[in-house]
Amino acid sequence: MKRFAIISTFAAAGALAASAGEMVAFTDIDANGDGSVSESEFVTYKTAKGDHSAQEASDMFLMVDADADGSVSKAEFAAAKEAWKNKDADVGADVELDVRTDTGSSY
Ligand SMILES: [Ca+2]
Ligand SMILES: [Ca+2]
């Protein structure tokens with residue numbers, strides 16, 4: 001119970017900063033501590049806060065798992081984190097642009 005409370009507190013505090021790519025440590029996601037993040041560990045972590053569906057988390061995992069071996073290494077995680085941090089605004093702009101392009105013809 002004590003552990004759950006600590007995790008909940010962390011999740012609540014982290015939820016605010018999570019979107020900025022901050023405060024997410026590899027060891028937080030690597031639940032069994034074997035040095036790599038499996039898809040189920042990743043999905044569990046991402047869905048625990050309730051701000052991502054399992055499908056979204058799964059899609060994210062595939063993006064983070066750069067060499068597609070089914071697990072995310074520390075290096076892959078670090079690279080993805082950097083990419084997200086740097087591209088955060090760009091990704092949003094791309095999505096917006098796509099939506100406009102897609103719906104543009106129907107207006
Ligand atoms: Ca693991
Ligand atoms: Ca990998």
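Counting starts at 1 for both ligands and their atoms, in listed order.
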Looking at every heavy atom in both [X] and [Y], which two are closest together, and how far apart are they?
{"X": "Ser58", "Y": "Val43", "answer": "N-CG2, 4.0 Å"}
{"X": "Thr47", "Y": "Ala57", "answer": "CG2-CB, 4.2 Å"}
{"X": "Asp28", "Y": "Tyr45", "answer": "O-CD1, 3.8 Å"}
{"X": "Glu76", "Y": "Asp67", "answer": "OE2-OD1, 2.7 Å"}
{"X": "Ser36", "Y": "Glu41", "answer": "O-OE1, 3.1 Å"}

### Task
Would you list the protein N, O or S atoms within less than 3.0 Å of the Ca ion (ligand 2), leaving out water?
Asp65 OD1, Asp67 OD1, Asp69 OD1, Ser71 O, Glu76 OE1, Glu76 OE2
### Query
Would Phe77 and Asp30 count as a side-chain contact (heavy atoms from CB on, under 4.5 Å) if you check the C-alpha gap in whole Å, the side-chain angles of each, and the deciding distance to 0.1 Å?
CA-CA 11 Å; Phe77 180 75; Asp30 182 15; over 6 Å; no
### Message
Using 0.5 Å steps for rounding, measure from the NE2 atom of His52 to the CE atom of Met60.
### Response
4.0 Å
## Note on the structure
Glu41 OE2 to Asp30 OD1 via the Ca ion (ligand 1), rounded to 10°, gives 100°
### Task
Write the atom name of the N, O or S atom in Asp34 that is nearest the Ca ion (ligand 1).
OD1
